[in-house]
Amino acid sequence: MSTTTTNNNPLAARELTWAINPEEVLAEHTKINGPIVRTRFPPEPNGYLHIGHAKSMNMNFKLAFEKLGVEPANRRTIFRYDDTNPEAESAEYIASLERDVRWMGWEPERTTYSSELFQQLFDYAIVLINKGLAYVCDFDKATVEKQRDLASRRAQARNSGKDPDEVAPLDPALIPGPNRNRSVAENLDLFHKMAKGYFKEGQYTLRMKMDLDHSNPNMYDLMAYRIKYVPHPHIGDAWCIYPTYDYTHSICDSLEHIDYSICTLEFETRREPYFWVLWALDLYRPKVYEMSRLNLAYTVLSKRRLLKLVNNGYMRGWDDCRMPTISGLRRRGYTPDIINTFCTGIGATRAMNVVEVEKLSSVARVELGAKSRRCLSALTPVKVKIVEYVGCTAESFDDDANCTYEVQNSPTDETLGCHMLKFTPKCFYVDLSDFGMDNDGGNFYGLTPDQHVGLKYVGANLHVSKLIHDKSSPEKLVEIEAKLDMSEGKPKPKSHISWCPSDSVKCEVRVYNNLFVVPEPSEKWEEELNPQSEIVYPDALVDPSVLEVVEKIEFSPDETGGKNKVTEDMSGGTGRHFQFERLGYFIIDLDSARDAKSGAYELIFNRTVNLREDIPVKAKSATSAKDKEKLDARKAAQAKQLAAKEARLKISPENLFKEADEYKGLYSAFDGDGIPTHDAAGEKLTKSAMKNLKKEQAKHVKQLKVKAMKEGK
């Protein structure tokens, strides 16, 4: 049923005879749409949207129209909930999808639900039964798998020029089986009884009578309806049978007069069933285009894995700042402009690749660098007291005019205004990372007992006079007594460090790093989680100018009434963002609170992204044993990953799942190509699991080819 044509349409893909619209059907569609070109964004409400969905939104609401040259006035996109699986869906997910689509700045033509078409879908199922193209089946899951396996082996034999009756003889109990030739009248009776709740879950399904001789396994009589005694989160308990995605999706596209049904490449083999359903029902057939899905380094986008991250307590929730969800990115400080610019930059093609997370970080720096308000901070503050003055006196700082500095909120945008910063020499704070016991052979530019630094905005050099350590913990530095040099002939410092005045605001700062220690997490992904993905500084300080922003934020009472929590900003703007000078870009977190009685703030800041330049590294001698242990552990993990990768490249494709460390002991039986067929306990793997393993093997083959090319073989 495939045809090959030459097509200049930028969204053209593999064509099928089934996909060709009859003239009268196409004429009716053209009459309805006129000059309008319509796409759709159809997520399933079984989790929160993530950055992969952001790429899909960007394509369906914008990029597809640009590729096609459609005038803005003629662009339409429907936001549809593909809500056909009530067991996995919830009202929480439904609400989150709507919220995230709006926050991203997209305006759908309308919002629809597949579930609101359940009656029409049921009626179409009756049509298929009457045409002899659907039947009620009593096969259980295991029997269906056996039937599909037999059909697949016969198709492989035909494709290789062998006699299928010799390689995989027909078993009448499976093909055609006792159900496929059931009469129309009996099928109608059973299907109506399914809808009325006569049978148990799994006792019967409605399957489409497609083609068991086809080379595409997705044509092996896919399920159209199954029995589920589960209320639906959107329409309630009106139904006890639910349509499947494969049956529903193309019909909804057709009824909504979608011009381009855009999905990701894993759905490419579902072209046949997509168009078969519409052909069987004589419905309008949209064009279909598959693009590569977004694969972002050092994270996972599988909803199954994301759900496990939340349910197993690895994350605080779906909006944890380490999650690649839209809500997680929003909480971390990414704006719609950052995410959409990133998605536009990577584009939408059919080429598979892994996108470096640095691309997203670079876009964030450009956006936030121009719009974020500056402030000073110390993540691990160390008290400093000036005990000696050169070129000035202690009394000179009693006059506010001599120690108060006007600081631009943005050095590039005067419209953001300025704030005042007061230097308090009797007590101020610097960050511990800016101090070391030596300069590490000239590689460390911070403050040491023998190396002075400049103080930003003050115009003075700071020299160590005395170090004071905690009596109960001698390794812990608690105070620095120092000399302040403001003389005209003072030596030029190697660097200027930040500082916080005595009246700085105490806060908690959460610094975020990659979620995983490897760029492409494997099947053992839980073991590859980065223990340094979140570093919390509970006693950090920020200069008091941040309160000018905080006091304008709305706080809402929580359930206890004792604290008022920050109200989430859904504007998509940067009003709550800061650049902590020399450290990175930060945003006020939703856990920040204000005491209902005293009005005191409990502020929490999340780091969105670090600055382009590196933060000065502490001298080796100032690195704590705990930090060194963490660093060594991370290096060991990376070395282990590299060694495993090198060892993997010595394994042939057929032995990958037998010899690779991450698969050893997981499987007990394999097919002729080395693909596992049974798990360690002897249980047969599902077709879906085997399909995923075939993809892993294909990826391994590609890696071996790249290695061979590099070695000139």
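Everything numeric here is computed off the predicted structure, so don't read it as measured data. What you see below is based on every heavy atom in this structure, not just the backbone, and it leaves out hydrogens, waters and symmetry mates.
Within the 4.5 Å cutoff, the side chain of Pro324 has heavy atoms near those of the Leu306 side chain. Looking at heavy atoms from C-beta onward, Tyr48 lies out of side-chain contact with Val310 at the 4.5 angstrom threshold. Between Glu89 and His232 the shortest side-chain heavy-atom distance falls below 4.5 Å. Taking 4.5 Å as the limit, every side-chain heavy atom of Leu278 sits out of range of all side-chain heavy atoms of Trp18. Residues Met690 and Pro676 form no side-chain contact, since every pair of their non-hydrogen atoms from C-beta on lies 4.5 Å or further apart. Looking at heavy atoms from C-beta onward, Leu117 lies out of side-chain contact with Ile251 at the 4.5 angstrom threshold. Inter-residue side-chain proximity for Leu307 and Trp318 is flagged as met; some heavy-atom pair is nearer than 4.5 Å.
Ring pair Phe61/Trp106 is parallel by interplanar angle, where below 30° counts as parallel and above 60° as perpendicular. Using cut-offs of 30° and 60° on the angle between ring planes, the pair Phe118 and Tyr242 is perpendicular.
Remark: the backbone N or O of Ala73 is paired with a side-chain donor or acceptor of Arg76 at under 3.5 angstrom. Judged by distance alone, with hydrogens and angles left aside, the side-chain atoms of Tyr247 form a donor-acceptor pair with the main-chain N or O of Leu121 at under 3.5 Å. Looking at Asp589, its side chain never comes within 3.5 Å of a backbone N or O of Asn606 through a donor-acceptor pair. A distance-only check finds no donor-acceptor pair linking the side chain of Arg226 to the backbone of Ala224 [under 3.5 Å]. Between the Thr344 side chain and the Asn340 main chain, a donor and an acceptor come within less than 3.5 Å of each other. Put simply, the side chain of Glu528 never gets that close to the backbone of Phe516: no donor and acceptor are under 3.5 Å apart. The backbone N or O of Val70 sits less than 3.5 Å from a side-chain atom of Arg75, completing a donor-acceptor pair. Of the possible polar contacts, none joining the Ser115 side chain to the Asp83 backbone as a donor-acceptor pair under 3.5 Å is found. Judged by distance alone, with hydrogens and angles left aside, the side-chain atoms of Arg510 form no donor-acceptor pair with the main-chain N or O of Val536 at under 3.5 Å. Between the His53 side chain and the Phe41 main chain, no donor and acceptor come within less than 3.5 Å of each other.
Taking all atoms of both residues into account, the shortest heavy-atom contact from Pro286 to Tyr274 is CG-OH, 3.5 Å. When every heavy atom of Pro243 is checked against every heavy atom of Thr84, the shortest pair comes out as O-CB, 3.2 Å. Closest approach of Gln697 to Pro653, counting heavy atoms only: NE2-O, 3.1 Å. Here the closest heavy-atom approach between residue Val101 and residue Leu49 is recorded as CG2-CD1, 4.0 Å.
One finds the CZ atom of Arg607 at 14.5 Å from the CD1 atom of Ile587 (value rounded to the nearest 0.5 Å). Atom CG of Asn58 is separated from atom CG of Leu294 by 11.0 Å, given to the nearest 0.5 angstrom. Going from atom OG of Ser522 over to atom CD of Glu527 covers 7.5 Å, rounded to the nearest 0.5 Å. Note that CG of Asn295 and CD1 of Ile346 are 10.0 Å apart. Values are rounded to the nearest 0.5 Å. Atom-to-atom distance recorded for Phe65:CZ and Leu63:CG is 10.5 Å, nearest 0.5 angstrom. Rounding to the nearest 0.5 angstrom, the gap separating the NZ atom in Lys55 from the CG atom in Asn60 is 11.5 Å.
Looking at Asp82 and Ser114, their side chains do bring a donor and an acceptor atom within 3.5 Å of each other. Between the side chains of Thr264 and Glu266, at least one donor-acceptor pair of N or O atoms lies under 3.5 Å. Side-chain contact annotation: Asp337 with Thr335, donor-acceptor N/O pair under 3.5 Å absent. Judged by distance alone, the side chains of Thr341 and Glu367 never bring a donor and an acceptor atom under 3.5 Å apart. For the residue pair Ser261 / Arg40, a side-chain donor-acceptor distance below 3.5 Å is found, with atom types taken as modelled. Judged purely by distance below 3.5 Å, without hydrogens or angles, the side chains of Asn530 and Asn514 never pair a donor atom with an acceptor atom. Under 3.5 Å, the side chains of Arg270 and Asn216 contain no donor-acceptor pair of N or O atoms.
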Stepwise side-chain hydrogen bond (donor to acceptor under 3.5 Å, both in side chains) check, Asn85 with Asn46: CA-CA 8 Å; Asn85 185 16; Asn46 63 347; over 6 Å; no
From CA spacing to verdict: salt bridge (Lys or Arg N to Asp or Glu O under 4.0 Å), Glu358, Arg365: CA-CA 10 Å; Glu358 178 57 29; Arg365 291 188 191 103; 2.7 Å; yes
Intermediate values then yes/no, side-chain contact (heavy atoms from CB on, under 4.5 Å), Tyr220 and Ser152: CA-CA 9 Å; Tyr220 297 163; Ser152 178; 4.1 Å; yes
Test log, rule side-chain contact (heavy atoms from CB on, under 4.5 Å), inputs Leu11 and Lys287: CA-CA 8 Å; Leu11 298 185; Lys287 298 179 181 66; over 6 Å; no
Candidate pair Arg322 and Arg316, rule side-chain contact (heavy atoms from CB on, under 4.5 Å), full reasoning: CA-CA 9 Å; Arg322 293 163 290 181; Arg316 292 186 178 89; 4.2 Å; yes
side-chain contact (heavy atoms from CB on, under 4.5 Å) assessment of Ile51 paired with Tyr334: CA-CA 11 Å; Ile51 195 167; Tyr334 287 94; over 6 Å; no
Worked verdict on Lys228 versus Glu87 for salt bridge (Lys or Arg N to Asp or Glu O under 4.0 Å): CA-CA 8 Å; Lys228 285 182 179 290; Glu87 286 178 313; 2.4 Å; yes
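Aromatic pair His257/Tyr284: ring centres closer than 6.0 Å. Checked against the 6.0 Å centroid criterion, the rings of Phe605 and Phe580 qualify as a close aromatic pair. Ring-centre distance between Tyr113 and Tyr81: below the 6.0 Å cut-off.
By the 4.0 Å N-to-carboxylate-O rule, Arg38 lies too far from Asp253 to be salt-bridged with it. Using a 4.0 Å cut-off between charged nitrogen and carboxylate oxygen, Glu145 and Lys141 do not count as a salt-bridge pair. Between Glu568 and Arg576 no salt bridge is recorded (no basic side-chain N to carboxylate O distance below 4.0 Å). In this structure, Arg80 does not pair ionically with Glu109, as no charged nitrogen and carboxylate oxygen lie closer than 4.0 Å.
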For residues 347-356, which side-chain donor-acceptor pairs fall under 3.5 Å, sequence neighbours excluded?
{"unit_1": "Thr349", "atom_1": "OG1", "unit_2": "Ala351", "atom_2": "N", "d": "3.3"}
{"unit_1": "Arg350", "atom_1": "NH1", "unit_2": "Glu290", "atom_2": "O", "d": "3.0"}
{"unit_1": "Arg350", "atom_1": "NH1", "unit_2": "Glu290", "atom_2": "OE1", "d": "3.2"}

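Residue pairs satisfying the ring-ring contact (aromatic ring centres under 6.0 Å, His included) criterion with at least one member in residues 294-315, sequence neighbours excluded, are absent.
Under the side-chain hydrogen bond (donor to acceptor under 3.5 Å, both in side chains) criterion, Glu268 pairs with Arg14, not counting sequence neighbours.
Tested against Arg331, the residues Asp569, Asp591, Asp320, Asp100 include a single salt bridge (charged side-chain N to carboxylate O under 4.0 Å, His left out) partner, Asp591.
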